[in-house]
Peer 1: 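Can you read through this structure? Questions will come right after.
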Amino acid sequence: MNIFEDFLSKSQIFKNRDVLRHSYTPDHLPHREEQIRQLAMLLSPALRGEIPSNIFVYGKTGTGKTATVKLVGKQLEEMSERLKANVYVHYINCEIVDTAYRVFASIARRFGRSVPLTGWPTDQVYDEVKRAIDQKSIVLIVILDEIDKLAKKGEEALYSLTRINSELEKSKVSIIGISNNLNFKDFLDARIISSLSEEEVVFPPYNAEQLVDILKQRAILAFNDGVLEDGVIELCAALAAQEHGDARKALDLLRVSAEIAEREKDSVVRIEHVKKAVEKIEHDHISEVIRTLPIHSKILLYGIALFPEKKFTTGEIYTIYKKLCAKIGIDALTQRRISDLISELDMLGIINSIVISKGRYGRTREIKIDTNADMIKKILEEDYRLESLKRFEKELKNLVSLETFES
DNA sequence: CCTCCACCGGAAAGCCGGGTCA
DNA sequence: TGACCCGGCTTTCCGGTGGAGG
């Protein structure tokens, strides 16, 4: 008997698991009819060879922004093909493509130019883009997903792209910016903002009922008949609705619940599986984040995790961090840098740090671990570079508590 | 009401490893 | 090969500040 046979035979639950992944774009998006209509209306001038207004798309995570825009983009290209209208849509995820250089390179490559990953001056890549687009007369729609990620390092790209039309002879470019964060506008040049948001399309969060519809639609494709216990979909929807109506989260819950059921060799996905899924997702998320932390953040976090109840100031945790570094023979970073690493850990939700003033005793952060400290420590100890710290745990605790907190 | 602590956090510049190009 | 560019990570420098205690 082949060793895989056991695994092959038993997918009683899933018909097609991929339907539940975020990468899957269904060709019908429930409760997004209005947004689709707006986008189509705003983009339609492209088919007549005119420049559509730049569009700013706003909505929280998991509200279907990306899926909707992609769907409309795809249909726009199809229609353009039929009408021979030379409309092109280019999708860029700014979380990955997060600098001006890379944005330009991505566009240039779309039109067959080869641009190295690095090495050229950014201006040169931009020239390449202009030449590539202007070869024949086209309308190009650039979709900048997670456009807020460009605010820091890629502002130049936004600046150039919003003004590119005056430098092109035959072709036209328009931009669709997608963001889940309105605050990022504060960091940008007012001219860029007004140019980017000539039109706005808002994606409100889904409510629990709408999430149920979405899940049901996918469940039909994803599961065999009758494998979902009554209430499973409703529970997943309700849990996701509690957090700003995130469809992605709802789909994850449903998929992980089913995977747990499958692993337990249960032929039905039950309410209890959903409950286990909630924990598993939470746990997997944190441990993945921690595992991929750079070494200095790990050392720092280890120091904090040694004292789960303690509220640290920046200075205190820095002295502990320095001791830990000495112990494992790694050069310590400066306090300024550690201060930034603390902010990062805070943003990741692993620790809690707020700036407080202790009057006479200065202004500092109050830092406290936010999650299960034991779990964090275990995950950190998997790193071979931190292994030796495990042996010194007691010694370290004594040393540190005597020196730092005595007074 | 003023002072002054212990940091915060912005700006700029340096280092390093990735790369191109002539 | 050397000059040059990009981008991530750090260091250096430094002005700014909320509020307890005088």
Side-chain angles (χ1 to χ4, degrees), chain A residues 92-109 112-132 144 146-161 183-184 186-189 289-301 303-304 310-322 324-326 328-348 351-368 383 385 400 403-407:
Chain A
I92 296 177
N93 184 341
C94 303
E95 200 169 24
I96 305 153
V97 182
D98 62 351
T99 62
Y101 186 100
R102 302 216 254 253
V103 169
F104 295 149
S106 165
I107 299 172
R109 286 196 200 105
R113 304 303 177 104
S114 61
V115 176
L117 292 170
T118 167
W120 285 7
T122 307
D123 304 4
Q124 191 181 336
V125 190
Y126 181 56
D127 288 342
E128 195 68 22
V129 168
K130 284 190 290 189
R131 239 172 294 140
L144 296 172
E146 315 265 329
I147 195 172
D148 42 318
K149 298 283 163 24
L150 280 183
K152 267 192 208 144
K153 294 177 290 178
E155 216 189 323
E156 189 192 337
L158 296 179
Y159 192 69
S160 305
L161 284 179
N183 296 339
F184 96 103
D186 303 342
F187 305 109
L188 288 181
D189 192 312
V289 168
I290 293 178
R291 244 188 285 277
T292 54
L293 244 30
I295 183 66
H296 287 286
S297 300
K298 284 186 175 178
I299 299 170
L300 174 65
L301 183 57
I304 303 172
K310 168 99 183 127
K311 286 181 179 174
F312 291 99
T313 66
T314 306
E316 284 167 348
I317 190 56
Y318 184 63
T319 51
I320 293 175
Y321 158 81
K322 274 200 294 194
L324 295 179
C325 282
I328 58 178
I330 286 181
D331 291 341
L333 302 177
T334 52
Q335 181 160 334
R336 176 68 186 84
R337 181 67 186 132
I338 290 302
S339 175
D340 278 347
L341 294 186
I342 291 171
S343 305
E344 279 171 29
L345 289 176
D346 180 38
M347 269 192 298
L348 290 170
I351 64 171
N352 215 322
S353 92
I354 46 168
V355 183
I356 55 158
S357 173
K358 302 210 272 186
R360 168 91 345 162
Y361 307 103
R363 198 157 172 268
T364 182
R365 272 187 178 103
E366 196 175 74
I367 303 152
K368 200 171 176 304
D383 192 317
R385 292 164 295 189
V400 168
E403 282 184 27
T404 330
F405 315 136
E406 209 170 36
S407 45

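Chain identifiers are assigned alphabetically (A, B, ...) following the order of the sequence lines, protein sequences preceding nucleic acid strands; residue numbering begins at 1 within each chain. No experiment lies behind these values; they were computed from the predicted model shown.
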Peer 1: Nearest 0.5 Å, what's the NZ-CD1 distance between A:Lys322 and A:Ile330?
Peer 2: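 One finds 16.0 Å between NZ of A:Lys322 and CD1 of A:Ile330.
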Peer 1: Reckon A:Thr122 has a side-chain N or O less than 4.0 Å from the OP1 or OP2 of C:dC6?
Peer 2: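 For A:Thr122, the contact criterion (side-chain N or O under 4.0 Å from OP1 or OP2 of C:dC6) is met.
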Peer 1: When the distance from CG of A:Leu341 to P of B:dC8 is rounded to whole Å, what number comes out?
Peer 2: 12 Å
Peer 1: Can you measure A:Ile317 atom CD1 to B:dC8 atom C1' for me and round it to whole angstrom units?
Peer 2: 17 Å
Peer 1: Give the rounded distance in Å between these two atoms: CE of A:Met347 and C1' of B:dG9.
Peer 2: 13 Å
Peer 1: Can you sort out the partners of A:Ser106 under side chain to side chain donor-acceptor pair (under 3.5 Å), two or more places apart, ordered by chain and number?
Peer 2: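 By the side chain to side chain donor-acceptor pair (under 3.5 Å) rule, A:Ser106 matches A:His90.
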Peer 1: Quick one: A:Glu156 CD to C:dC5 P, roughly how many Å, whole number?
Peer 2: 14 Å
Peer 1: Separation of A:Asp340 atom CG from C:dG8 atom P, in whole Å?
Peer 2: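 These atoms are roughly 15 Å apart.
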Peer 1: How would you list, by chain and number, every residue that makes a side chain to side chain contact (heavy atoms under 4.5 Å, CB included) with A:Thr314, sequence neighbours excluded?
Peer 2: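 Here the qualifying residues are A:Gln335, A:Ile342, A:Thr364, A:Arg365, A:Ile367.
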Peer 1: For nucleotides 3-7 of chain B, give me every protein contact, N/O to N/O, under 3.5 Å, one pair per line with atom names.
Peer 2:
residue : atom : partner  : partner atom : Å
B:dT3   : O2   : A:Arg360 : NH2          : 2.8
B:dC5   : O4'  : A:Arg360 : O            : 3.0
B:dC5   : O2   : A:Gly359 : O            : 3.0
B:dC5   : O2   : A:Gly362 : N            : 2.9
B:dA6   : N3   : A:Arg363 : N            : 3.2
B:dC7   : O5'  : A:Gly315 : N            : 3.2
B:dC7   : O4'  : A:Arg363 : O            : 3.4
B:dC7   : O3'  : A:Thr314 : OG1          : 3.3

Peer 1: I want to check one thing: is the phosphate of C:dT10, taken as OP1 and OP2, less than 4.0 Å away from some side-chain N or O of A:Thr334?
Peer 2: no
Peer 1: Out of the candidates A:Val129, A:Val115, A:Val97, only one should pair with A:Phe104 under the side chain to side chain contact (heavy atoms under 4.5 Å, CB included) rule; please name it.
Peer 2: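 Output: one option passes, namely A:Val129.
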Peer 1: Between A:Lys310 (side chain) and A:Ile304 (backbone), is there a donor-acceptor pair under 3.5 Å?
Peer 2: no
Peer 1: When the distance from OH of A:Tyr101 to P of C:dC4 is rounded to whole Å, what number comes out?
Peer 2: 17 Å
Peer 1: The side chain of A:Arg102 lies closest to which of these nucleotides: C:dT11, C:dC5, C:dG7?
Peer 2: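 The answer is C:dG7.
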Peer 1: Taking only residues two or more places apart in sequence, or in another chain, which ones meet A:Arg336 in a side chain to side chain donor-acceptor pair (under 3.5 Å)?
Peer 2: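 Per chain and number, A:Arg336 pairs via side chain to side chain donor-acceptor pair (under 3.5 Å) with A:Asp340.
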Peer 1: Please give, in whole Å, the distance from C:dT11 C1' to A:Arg337 CZ?
Peer 2: 10 Å
Peer 1: Looking at every heavy atom in both A:Val125 and A:Ala105, which two are closest together, and how far apart are they?
Peer 2: CG1-N, 3.5 Å
Peer 1: For residues A:Glu316 and A:Lys311, report the shortest heavy-atom separation together with the two atoms involved.
Peer 2: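 In this case the closest contact between A:Glu316 and A:Lys311 is OE1-O, 3.9 Å.
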Peer 1: Rounded to whole Å, how long is the line connecting atom CD1 of A:Ile295 with atom C1' of C:dT10?
Peer 2: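 Interatomic distance, CD1 of A:Ile295 to C1' of C:dT10: 16 Å.
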Peer 1: Counting primed atoms plus P, OP1 and OP2 as sugar-phosphate and everything else as base, spell out the protein contacts along nucleotides 11-22 of chain B at 4.0 Å heavy-atom distance: B, S or - for each nucleotide, 5' to 3'.
Peer 2: -------BBSS-
Peer 1: Which residue pairs pass the salt bridge (Lys or Arg N to Asp or Glu O under 4.0 Å) test when at least one of the two sits in residues 93-109 of chain A, sequence neighbours left out?
Peer 2: A:Glu95-A:Lys149, A:Asp98-A:Arg102, A:Asp98-A:Lys153
